[in-house]
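When reading the values below, keep in mind they use all heavy atoms of this one structure, side chains included, and skip hydrogens, waters and symmetry mates.
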Amino acid sequence: MKRQGIAEALRDGIAEEMTRDSSVFCIGEDIGVPGGWGGAFTVTLGLSEKFPGRIIDTPIAELGFTGMAVGAAMMGMRPIADMQYGDFLFLASDQLINNAAKMRYMSGGTIKVPMVMRAPIGATGRGSQHAQSMERYFTGVPGLKVVAVSTAYDAKGILKAAVRDDNPVMIFEHKLLYGSKGARAEPGAVDATSDIPDEDYVVPLDRAVVRREGQHVTILGWLLMAHFAAQAAEQLAKEGIEAEVIDVRSLSPIDYATIGASIRKTGRVLIVEEGPKTGGVSAEIAAGIMEHCGESLQAPVVRVASPDVPVPFSPILENAYRPDVARIVTAARNLTKT
Amino acid sequence: MTTTSQSGAAHPAAPSSDRAFLLGLYQRIVLIREFEERVKFLFLEGTMPGTIHQCQGQEATAVGVCAALQAGDYITSTFRGHGHALAKGLSVQELLDELFGATTGCCKGKGGSMHMGNMDKGMVPGIAIVAGGIPLAAGMALAFKLQKKPQVVACFFGDGAVAEGAFHEGVNMAAIWNLPVVLVCENNLYGASTHIGKVMKNPKISDRAASYGFRGETVDGNDVLAVLAAAQRAVEECRAGKGPVLLELLTYRRTGHSRRDACHYQPKDEREAWFARDPITRFAEVLLARPDVMPADLDAIKAKIEAEIQVAVVNAQQAPQPTLANLTEDVFA
């Protein structure tokens, strides 16, 4: 057992999978340069020395290296692609959506595309183009599995499950959760460390997890918002409101069994999403809740999300943009009174 | 002695003077032409669903390149892939079944005209996004290199693909890692209806290879033996770790871009000049100049193909259609 942050846990997970299976390799920009960074957020730091020739640094060519990951996966390799910032996924989306996601179906079920795409998201003082919450653009693509990791334990277990899965899996990570200490820690970073077991383990790709139990209101979140929801629940508890906090974690498919069980208990649900409200994952979840357990709701679904604007730079505006603990507390409190 | 196999794929490296081998190439070219003409008829007749992008006039590029490949090699194709599929050894039946949306099609009716493929026969389902197959093929070649396998991938694309960013990204990475991919540009002068003169300052596509640091070559794409020879050189270099190679094959599309295109943008004199260089008639002349090939030999090949296609059409029209349960199958492995 050791205490690790998400970046370290992912690094160990990748190393262990590469040791276990020679078909696993990493591909991306600035991920294996000697003396470099190990990717923009240190996840692959030191791996190029450990696995010569298997940490492949590419030109700045997101569409190209994503397509190469798809092609290599089709030929029996298990690539882990590293998108330096999630926003660059727009450049790669043709290969992800038209090729990776559809190849199995178009081929009549004969082709497998066992690839992983890791991408960091989140508004973090970088303005509009290194900040977007990208998961919404991929959750509606049949053929892709989409997960979001908010703790180090999950990050390692989900990474391993994704590498071993025979389908394209997109793992979204949050820039404020990689680590809250050390030189690469981001201002505003949140502690997402976990006790990591010494033995091998995986976390399923299709399960939400209850982070805190409560009976008055269910709060759903993922990535940074799962942490903020948990913090909000602490404050609400002081007012006598017991919130059940669920880290949705699996964004496609969505685990309505876990979510539904909670809503049947609380009768109230608040969905928290970093990213513009319109067209967000929270909209899909709200609709899914109506279909799966709408009859259990005692009040309408409430959402806390970012306004429909690009991510701003000014810290004052960015903090106003991103849902925070106070907004979650207020929304949950009001919801319990309806 | 190397000949064409039962499934029709020409085996590589046969001496280009070998009669059976040459007649095998001819059979392949004529098969593609007859297949496409029959498919066109079925569309005009209204019995075949979907859309089509046909390759009449371009048969020699597919046949010449695929004849230079070995069984373990792969091709990637485009929305205009019927010829590539037949050249790589997919059967007339599995293609026609696919075009009719039958479960016995090469992709169980889930691919259709633009996504023809069969991995067991070395063909990735057609990538119908222009240039989308180029990074994919480079990735397949990267896998071969990492796995230390001697395989090669031939990546077909058209002149229109050269304007795409995916061309640049995929070709550049194939170049910097010396990947075993033969980049096969079928230059038929038009991207859909737009002439290359409007979209390229330098219309010699093979010149682009030099800017990436590897070899490019422009070849008469309507001369199947010239294509074969160039492809054999390219495949050999790729297998020796000296890839990639860019082959620009000059050819011409005799029919529309897709099913409703009457080709009014192709000038009459241009069409006539290219029709005079038709790959079938030219190769027939080469064959008939030999003392051991008679017109009756070529007629017999064509007659056999016509009969084969006739039977396959009847079978395809009666082939099993998917059930609704098939709709949600094959999304995930």
(message) Between B:A143, B:C107, B:A137, who has the most heavy-atom pairs with chain A when the cutoff is under 4.5 Å?
(response) B:C107

(message) For A:F25, which atoms come within 4.5 Å of any heavy atom of chain B: side chain, backbone, both, or neither?
(response) side chain

(request) Heavy-atom distances under 4.5 Å only: say whether B:F167 touches chain A with side chain, backbone, both or neither. (result) neither

(message) Between the side chains of A:E16 and A:K156, is the shortest nitrogen-to-carboxylate-oxygen separation below 4.0 Å, so that they form an ion pair?
(response) yes

(request) Tell me, for A:I111 versus chain B, whether the close heavy atoms (under 4.5 Å) come from the side chain, the backbone, both or neither. (result) side chain

(request) With a 4.5 Å cut-off on heavy-atom pairs, point out which of B:L142, B:I176, B:V171, B:N326 contacts chain A the most. (result) B:L142

(message) If you count heavy-atom pairs within less than 4.5 Å of chain A, which of B:V331, B:N118, B:D330 leads?
(response) B:D330

(message) Heavy-atom cut-off 4.5 Å, strictly under: side chain, backbone, both or neither for A:I27 against chain B?
(response) side chain

(message) Between A:D247 and A:S150, is there a side-chain donor-acceptor contact under 3.5 Å, judged purely by atom types and distance?
(response) yes

(request) Mind telling me whether B:Y212 and B:H168 have parallel, tilted or perpendicular rings, with 30° and 60° as the class edges? (result) tilted

(message) If I measure from the heavy atoms of chain A, does B:N172 come under 4.5 Å with its side chain, its backbone, both, or neither?
(response) side chain

(message) Assess whether a salt bridge exists between B:K121 and B:E94, defined as any Lys/Arg side-chain N lying under 4.0 Å from an Asp/Glu carboxylate O.
(response) yes

(message) If you count heavy-atom pairs within less than 4.5 Å of chain A, which of B:M173, B:Q151, B:M116 leads?
(response) B:M173

(message) If you define the side chain from C-beta out and look only at heavy atoms, does anything of B:M119 sit under 4.5 Å from B:Y74?
(response) yes

(request) Select one option (side chain, backbone, both, neither) describing which atoms of B:I134 are under 4.5 Å from chain A's heavy atoms. (result) neither

(request) Please determine, among A:I60, A:V113, A:L91, A:D94, the option with the most heavy-atom pairs under 4.5 Å with chain B. (result) A:D94

(message) Please classify the contact of A:I56 with chain B as side chain, backbone, both or neither, using a heavy-atom distance under 4.5 Å.
(response) side chain

(request) Tell me, for A:K102 versus chain B, whether the close heavy atoms (under 4.5 Å) come from the side chain, the backbone, both or neither. (result) neither

(message) Just by distance, no angles: are the side chains of B:H82 and B:E36 close enough, under 3.5 Å, to form a donor-acceptor pair?
(response) yes

(request) Would you mind telling me which of A:T66, A:T110, A:N99 has the largest number of heavy-atom pairs within less than 4.5 Å of chain B? (result) A:N99

(message) I'd like to check B:M140 versus A:M75 (side-chain heavy atoms, cut-off strictly below 4.5 Å). Are they in contact?
(response) yes

(request) Before accepting this row, confirm whether a basic side-chain N of the pair A:D165/A:R78 lies closer than 4.0 Å to the acidic partner's carboxylate O. (result) no

(message) Would you say A:D87 and A:Q129 are linked by a side-chain donor-acceptor pair, where the criterion is simply a distance under 3.5 Å?
(response) no

(message) Is the distance from the ring center of A:F41 to that of A:Y85 below 6.0 Å?
(response) yes

(request) Under 4.5 Å heavy-atom distance to chain A, tell me which part of B:Q147 shows up: side chain, backbone, both or neither. (result) side chain

